[in-house]
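To keep things clear, I will list the structure first and then write my remarks on it.
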Amino acid sequence: MTITSDTVKAPVERPTWTGRFRVRAVDSLPPEKLLPDHQPAYVASWIYIFGALTLAAFGVVCLSGAIIAIEGPTWWHLSQLGLFVNSLHMWGTEVFFFFMVSHLWGKFFMAAWRGRRRATWITGVLAFVMSIATAFTGYLSQQNFDSEWISTQAKDGINATGGGAFWNVLNFGQMLMWHILLLPLIVVVVIGIHVLLVRKRGVVPPFADNPAAENAFEETS
Amino acid sequence: MSPKRFKPDRDVTEWHGPTVRYDLLKEVTICFVAVLVLVVCLAGVFSSPDDPAITIKSWSATAPIDFLTTAISELDGTSGTATYGPPYTNTAGASQKLGPIGLETLSGTRIPLDTAKDFVINPLLTLPSEPMLDAAITRYQSATAPEQASWDAAYEKAAPSAHFDASDGKLIVRPLAYGPVGLMMSDLLAMAQSGALDGALTSSPRLYGTDYTKPLLFIADGQYLADVATSRNLTGDQWGMMNETGNFPGQAWLWLYTLWYQVPPMNSSSSGDLQVWAIMMLLTLVLALVPFIPGLRSIPRWTRIYRLIWRRHYRSLQSATD
């Protein structure tokens, strides 16, 4: 038998992990969804701005925290410029939480989990909880009366859960590392997933006032 | 595909209506600049608090008798830390429990502390050799437990009425049968007032140290820290968890957490911390799972606040119907 090019089939190329990931990523988040320049007409309320304001405040907190990190944890106690940057960090945190809680309440009253958006809601709550933990470790890392009092009081709560045996709030070095590396990393990842889910699913539509539309509903998942 | 019953708190009818122009990057940029300006103004006008921490040096200088009474309680094993339970000591029955569950006990004594040795005897041993003190420490350590307890009890009785001589500032403690403990305590006070005890408690086997567990626990065992915190409205019964030194806003987001400490049984229970944590973990879980909880997920629809948020949308629907 003579082997020709017709008898030898070209091997079917197995899809790579990278190729699969790219296909899924582009399917889930095509560029026009990821970076939209249009949005539904119902997105017309000041309440929507709180999500972006939260991200902006998070940026200010990270930026001011990075400046303190460059100079080291004792710098802001010893210089006026350092104190000012610490003030940016503190007030950035205050407005961050104000915007985040406003965003949360806004989304609650929109029932923003509707239409397969439950994961968006859950990641938002997770971002809130992890942000509280991050802010808490920041208070513990101040090396002043605040951190002294907060750590000696908070230890009882953490110890009661059994967590204090592993996560010692009186250990400045441990708390500082959690504050400037581990927890911000988690918050960045969770917020990143949250934002991508918002872009993927879009902004939740208003409650339908039209029963006919509801009757025509079909499961799309 | 089979039709599925529409649940208004779970499902949506997809939007096929008009869209409007929107610039995501512009919105985020404007928000960032606006927030930056706001924060710069707040920081410039109000600054931020930075009250210095209380050190053992400052505590023992300002409230020496409180220091002495705390130090003797560390030596005789009756202080808050000495009787804390896990993760610091093995004190029986000290763990907080939720029913039969004691998570502190399960996690174990992973930061073991012997307050007599760690807070009193070992720091004294770091002082330059001094025959009388060396002899006192040796005598104390080689004594039987009942002897030690007898000396400790005598000093504990005398310490609250201790005072300082007006002429030479020397510590005067009522003479009772406290054996070597008198000298050990007066030398520990002198060590504390010189600042050497701060260093001895934070010292690490290596040059660098970042763990302040020992000095913080020692200071917190005294009354002075709590008195200062009370004067600044920072204690638990003052909702201190969400307060800040001075007139600055604190962790207001902890309002619900601190609320539970104000109400019975948590405000008086010996397991109050664990009870509050359990409640908060449960409530956090409920918040995360709101989309799945019947009734709770219907609140937005029932309250109709959404009609305010989407008022333009509903107005346009109304005008289209008209």
Side-chain angles (χ1 to χ4, degrees), chain A residues 35-42 44-45 47 52-53 56-57 59-60 77 84 86-88 90-92 94-95 97 108-111 113-115 118 121-122 125 129 132 144-146 148-149 151-152 156-157 159-162 164-165 168 170-173 205-208 213-214 217-219, chain B residues 1 3-4 6 8-13 15 17-24 27-28 31-32 35-36 39 42-43 47-48 50-53 87 96 103-104 106-108 110-111 210-213 216 220 229 234 245 249 253 273-274 277 284 287-288 291 300-301 305-306 309-310 312-313 317:
Chain A
L35 293 170
D37 53 9
H38 280 77
Q39 65 184 0
Y42 59 78
S45 166
I47 197 75
L53 285 172
V60 172
H77 300 284
F84 176 70
N86 180 70
S87 305
L88 291 179
M90 188 203 90
W91 285 106
E94 293 288 343
V95 298
F97 274 102
F108 176 79
F109 286 112
M110 291 183 215
W113 50 79
R114 291 172 298 131
R118 290 161 172 165
W121 172 267
I122 291 169
V125 172
V129 173
I132 289 174
N144 57 16
F145 183 80
D146 258 343
E148 183 175 37
W149 177 249
S151 62
T152 52
D156 298 332
N159 288 341
T161 65
N168 180 8
L170 304 170
N171 185 336
F172 163 73
F207 284 98
E214 296 178 359
F217 173 80
E218 285 193 5
E219 186 180 14
Chain B
M1 199 173 285
K4 187 178 171 185
F6 186 93
D9 303 318
R10 184 194 65 187
D11 305 315
V12 292
T13 45
W15 177 256
T19 60
V20 290
R21 266 170 60 86
Y22 171 61
D23 194 333
L24 177 66
E27 179 182 296
V28 171
C31 282
F32 181 77
V35 171
L36 187 61
V39 171
L42 289 167
S47 189
S48 55
D50 190 20
D51 292 5
Q96 297 197 29
L103 296 172
E104 277 179 296
L106 288 175
S107 62
R110 281 178 51 92
I111 309 170
T210 56
D211 185 356
Y212 295 86
T213 302
L216 285 172
L234 295 175
T245 49
W253 44 91
D273 294 304
L274 188 55
W277 263 85
T284 303
L287 180 65
R301 190 163 48 88
I305 291 174
Y306 69 86
I309 295 169
W310 286 309
R312 287 188 206 173
H313 166 74
L317 286 183

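Letters go in sequence order (proteins before strands), and every chain restarts at 1. What you see is a predicted model; the values in this text were computed from it and never measured.
- B/L42 touches chain A through backbone and side chain together, each having a heavy atom under 4.5 Å away.
- Remark: the B/S48 side chain and the A/N86 side chain contain an N/O donor-acceptor pair separated by less than 3.5 Å.
- For the atom pair B/R21 CZ and A/H38 NE2, the distance stands at 6.5 Å (nearest 0.5 Å).
- Within the 4.5 Å cutoff, the side chain of B/D23 has no heavy atoms near those of the A/D37 side chain.
- When every heavy atom of B/A43 is checked against every heavy atom of A/F84, the shortest pair comes out as CB-CE1, 3.8 Å.
- Between A/F145 atom CZ and B/D51 atom CG the span is 7.5 Å, to the nearest 0.5 Å.
- When A/N159, A/D146, A/L35 are compared by the number of non-hydrogen pairs under 4.5 Å with chain B, A/N159 comes out ahead.
- When the candidates A/A44, A/A52, A/S87 are compared by the number of heavy-atom contacts under 4.5 Å with chain B, A/S87 comes out ahead.
- With values rounded to the nearest 0.5 angstrom, A/Q39 atom CD is found 12.0 Å from B/W15 atom CH2.
- Scanning all heavy atoms of the two residues, the minimum distance from B/V39 to A/L88 falls at CG1-O, 3.4 Å.
- The two atoms that bring A/L170 and B/D211 nearest to each other are O-OD1, 3.9 Å, heavy atoms only.
- With chain B as the partner, the residue from A/G92, A/A41, A/G173 showing the most heavy-atom pairs under 4.5 Å is A/A41.
- Between B/D11 and A/R114, the closest side-chain pair of non-hydrogen atoms is not below 4.5 Å.
- Interatomic distance, A/T161 OG1 to B/L106 CG, rounded to the nearest 0.5 Å: 11.5 Å.
- Only the side chain of A/M90 comes within contact range of chain B, with at least one heavy atom under 4.5 Å from a heavy atom of that chain.
- A/W121 places a side-chain N or O within 3.5 Å of a backbone atom of B/L287 that can act as its donor or acceptor partner.
- For the pair B/S47 and A/W91, the minimum side-chain heavy-atom distance is 4.5 Å or more.
- Both the backbone and the side chain of A/L53 come within less than 4.5 Å of a heavy atom of chain B.
- Closest heavy-atom contact between B/Q96 and A/D156: NE2-O, 4.1 Å.
- Residues that satisfy the salt bridge (charged side-chain N to carboxylate O under 4.0 Å, His left out) test with B/D9, not counting sequence neighbours, are B/R301.
- A/S45 is not listed as a side-chain neighbour of B/W310, based on a closest heavy-atom distance of 4.5 Å or more.
- A/A160 and B/D273 get closest at one heavy-atom pair: CB-CB, 3.9 Å.
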For this session: Take A/N144 and B/D50 through the side-chain hydrogen bond (donor to acceptor under 3.5 Å, both in side chains) test and state the conclusion after the steps.
Result: CA-CA 6 Å; A/N144 57 16; B/D50 190 20; 3.0 Å; yes
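- Side chains of B/Y212 and A/S151 form no contact here, defined as non-hydrogen atoms less than 4.5 Å apart.
- Here the CG atom belonging to A/N171 is positioned 5.5 Å from the OG1 atom belonging to B/T210, to the nearest 0.5 angstrom.
- A distance of 11.0 Å separates OH in A/Y42 from OG1 in B/T19, rounded to the nearest 0.5 Å.
- Interface remark: of the candidates B/A53, B/G108, B/S107, B/A53 forms the most heavy-atom pairs closer than 4.5 Å to chain A.
- Minimum interatomic distance between B/P291 and A/R118 (heavy atoms only, all atoms of both residues): CB-CG, 3.6 Å.
- In summary, the aromatic rings of A/F207 and B/Y306 are positioned with their centroids under 6.0 Å apart.
- For B/R110, there are no side-chain hydrogen bond (donor to acceptor under 3.5 Å, both in side chains) partners at least two apart in sequence or on another chain.
- For A/V60, the parts sitting under 4.5 Å from any heavy atom of chain B are the backbone and the side chain alike.
- Only the backbone of B/P52 comes within contact range of chain A, with heavy atoms under 4.5 Å apart.
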